[in-house]
There are 2 protein chains.
Amino acid sequence: MAKTTTGETVPVRQRGVTMKDVANHAGVSRTAVSFVLSNRENASISEETRTRINQAVQELGYRPNAGARALASRRSDWYGIVTEIVTAPFAVDIIKGAQDQAWLDRRFLLIAPSDQADAVGPNEGLEDAATEKLLEQRVEGLLYAATFHRGVHVPASANEVPTVLINCFDADGKLPSIVPDERAGGRVAVERLLQGGHTRIGVINLDPNIPAAVGRLEGAREALAAAGLELDPELVVSGYATADGGYDAACHILDRYPEGGRPTALFCLNDRMAMGAYDAIKERGLTIPGDIAVIGFDNQELIAAYLRPKLTTVALPFERMGALGVQTLAALTAGQPILADQQLVDCPLLERSSV
Amino acid sequence: MAKTTTGETVPVRQRGVTMKDVANHAGVSRTAVSFVLSNRENASISEETRTRINQAVQELGYRPNAGARALASRRSDWYGIVTEIVTAPFAVDIIKGAQDQAWLDRRFLLIAPSDQADAVGPNEGLEDAATEKLLEQRVEGLLYAATFHRGVHVPASANEVPTVLINCFDADGKLPSIVPDERAGGRVAVERLLQGGHTRIGVINLDPNIPAAVGRLEGAREALAAAGLELDPELVVSGYATADGGYDAACHILDRYPEGGRPTALFCLNDRMAMGAYDAIKERGLTIPGDIAVIGFDNQELIAAYLRPKLTTVALPFERMGALGVQTLAALTAGQPILADQQLVDCPLLERSSV
DNA sequence: CCCACCGGGTAACGCGCGTTACCAACAGCG
DNA sequence: CGCTGTTGGTAACGCGCGTTACCCGGTGGG
């Protein structure tokens with residue numbers, strides 16, 4: 001506890017070592033310390049005092065005050081990311097990718113959850129409070145990350161700094177975005193099945209209106225068309241994006257042609273549905289991949305890597321999208337042109353044991 | 001000021017509006033603006049100038065500079081959390097709980113990943129770089145969060161500021177920590193099985209040396225002892241903490257007494273192993289929960305909520321631990337005494353359909 | 001001998017804000 | 001009348017640092 005002049009006690013606040021302390025300790029001016037610490041090459045400091053200063057830094061355990069530096073230099077070295085991912089962790093790898101990349105660029109990533117506004121007042125926009133908080137910290141750029149690929153509306157204040165969307169796109173403007181190449185993913189999945197000799201393929205579809213479903217299905221059709229085939233509409237069934245939904249859809253598909261003509265492969269548009277499909281297949285005494293090959297989408301590790309047999313699936317490149325988002329932001333803040341308004345990121349096929 | 005078509009005015013925000021600009025616009029001194037914005041009750045500002053200032057704030061779209069405020073007031077309103085969770089997202093709810101609580105306390109949570117030091121140099125300690133970064137931001141308190149309950153070593157610099165450990169404990173010191181009450185969790189799980197009429201219970205154990213295994217097993221034994229029963233050592237099998245490990249262990253347990261005496265319930269010490277156990281049970285033509293009741297631990301949503309039947313399991317209170325960590329930190333920074341060096345948090349039973 | 005130049009530094013300003021000390025005007029009171 | 005409060009403010013300092021302008025003592029060139 002420390003005492004003020006009035007005698008009252010306040011929480012102890014360690015008086016930090018400042019550049020002035022370092023300067024005194026080294027017997028030089030604070031300016032010299034600043035020059036040495038910021039490695040200015042055009043500053044003329046002799047090698048001897050330079051080492052003396054560095055030694056003082058070590059001895060005193062000096063640690064720069066990032067806030068003061070930001071204030072004086074007018075750059076914070078921070079990016080902010082507004083995301084619902086913290087509360088819906090499915091796509092947490094976006095944060096990881098972004099954070100790693102930011103770290104490489106010697107920048108810091110400030111993470112703000114996008115759904116906490118209701119904690120302060122019911123009428124505030126969801127992301128607005130988070131965005132505002134980040135701007136108060138004077139972030140140099142903003143990222144918005146969604147848990148699933150969709151269109152979003154970004155608060156107006158986002159226009160004050162460079163902004164990039166990750167795993168979502170600007171529903172009403174021209175903000176640059178990074179999204180998965182759903183179509184190529186659908187294509188590669190079905191190509192893999194074709195390559196395995198499957199020509200009759202059932203599809204367990206998501207809500208047909210969301211971008212993921214549209215793209216993946218389109219890709220699937222392309223792959224089939226390239227082989228001179230097409231989807232049997234009877235074998236494309238939508239369901240809730242859950243294991244139960246996948247189970248129901250799989251039952252429907254597997255039982256559709258009792259007389260013969262049952263598909264030999266199932267393309268499940270997400271892994272949770274594939275999980276349910278497994279049950280439906282096993283229930284019927286069929287084996288995976290012997291009787292029915294299954295391929296998923298998303299690569300949700302907890303599911304895909306632990307199902308038995310392990311699920312072959314198409315991965316959503318979350319980490320890569322996060323990194324690319326930061327790179328794009330870096331280009332924007334540096335005033336460089338970016339490659340495209342919308343960057344598509346490849347969805348690689350992960351071979352396991354279900355095909 | 002900009003006007004919309006409806007004639008309502010919308011603040012046009014531009015970077016660089018300072019308190020001085022607001023003061024000029026309102027025709028008062030900057031001090032007056034500061035007083036109004038920080039709501040000092042002992043400052044004497046007339047109601048009229050107060051509204052004039054607030055109006056100027058609106059019109060100019062003034063946004064405080066958090067860094068400058070922190071510099072002048074010598075408090076940042078930030079806590080820092082060092083965590084491996086970003087890279088191993090299992091326990092991401094810790095972050096959510098901490099962030100929500102911090103938000104309620106009008107504080108901000110700075111998240112630093114604990115494994116990025118190798119990006120700058122191979123010789124730096126893992127958490128050290130992250131901790132250092134946070135201290136440079138002048139966080140007022142530090143949290144360390146682990147993905148699984150264990151002992152950890154924290155960098156020495158953490159001592160400069162109040163520190164609380166979440167889901168881990170200080171292996172060599174006296175830092176306060178928040179951990180799940182594994183023992184009570186094991187007890188409640190087995191009590192539930194007993195209540196269901198099960199007296200012969202198989203246990204799929206984790207690595208027997210980790211705190212989670214020790215506590216949960218101890219709790220299980222307590223519950224049995226209270227009913228005058230005890231574990232059959234032949235029915236306690238350790239395995240890798242994966243679905244495959246659970247499958248193997250379950251096979252072992254289920255086939256141990258071919259002549260009769262097979263357990264009617266399985267206590268799986270985590271949900272991934274329960275997932276594998278499901279397969280072993282189904283393979284043998286047995287039903288869940290009809291023939292074999294299964295109870296898990298961890299409540300890993302992606303698994304527990306999607307297995308068929310849905311898995312009854314004991315939840316790890318990640319979110320609550322995160323919140324409690326922040327509360328404890330708040331008490332520490334305010335100089336208040338904390339309840340205990342180690343706070344145990346209850347692990348509630350989540351009833352689904354597997355018992 | 002004077003002057004330009006260069007190496008090696010330092011003084012001083014300002015970033016945006018919290019905070020303390022102070023000041024002017026006016027009312028109430030004896 | 002002087003004195004004391006009270007109301008409604010303002011001037012000025014400093015937080016820790018980046019940055020610019022400047023200074024001083026040598027040195028080489030003319």
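The structure presented is a predicted model; accordingly, all values stated were derived computationally and were not measured.
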message = Using a heavy-atom cut-off of 4.0 Å across all strands, would you classify A:Ser44 as base, sugar-phosphate, or nothing?
response = base

Rounded distance in Å - CD (B:Glu47) to C1' (D:dT7) = 14 Å

key: Earlier contact from the 5' end, DNA chain D, for A:Phe35 and B:Ala72   = B:Ala72

request  = For B:Ser34, answer base if it contacts any base atom (sugar-phosphate contacts may also be present), sugar-phosphate if it contacts only those atoms, and nothing otherwise; contact means non-hydrogen atoms under 4.0 Å.
outcome  = base

task = Output yes when A:Arg106 and A:Asp77 qualify as a salt bridge under the 4.0 Å nitrogen-oxygen rule, no when they do not.
result = no

key: Between C1' of D:dG9 and CZ of B:Arg52, the distance in whole Å   = 11 Å

key: Cationic N near anionic O, under 4.0 Å, A:Lys96 to A:Asp100   = yes

task = Tell me what B:Ser46 touches on the nucleic acid: a base, only sugar-phosphate, or nothing, going by heavy atoms under 4.0 Å.
result = sugar-phosphate

B:Asn159 side chain to B:Ala156 backbone, donor-acceptor under 3.5 Å = yes

ask   = Within the side chain of B:Gln327, is there an N or O that forms a donor-acceptor pair under 3.5 Å with the backbone of B:Gln101?
value = no

task = Identify the 5'-most and 3'-most nucleotides of DNA chain C with at least one atom closer than 4.0 Å to a non-hydrogen atom of chain B.
result = C:dG16 to C:dT20

request  = Sort out for me which residue in B:Thr163, B:Thr131, B:Asp170 forms a side-chain hydrogen bond (donor to acceptor under 3.5 Å, both in side chains) with B:Tyr144.
outcome  = B:Thr131

ask   = Looking across every strand, which nucleic acid part, if any, lies under 4.0 Å from A:Thr49 by heavy atom: base, sugar-phosphate, or nothing?
value = sugar-phosphate

ask   = Do any N or O atoms from the side chain of B:Ser76 and from the backbone of B:Arg138 form a donor-acceptor pair under 3.5 angstrom?
value = yes

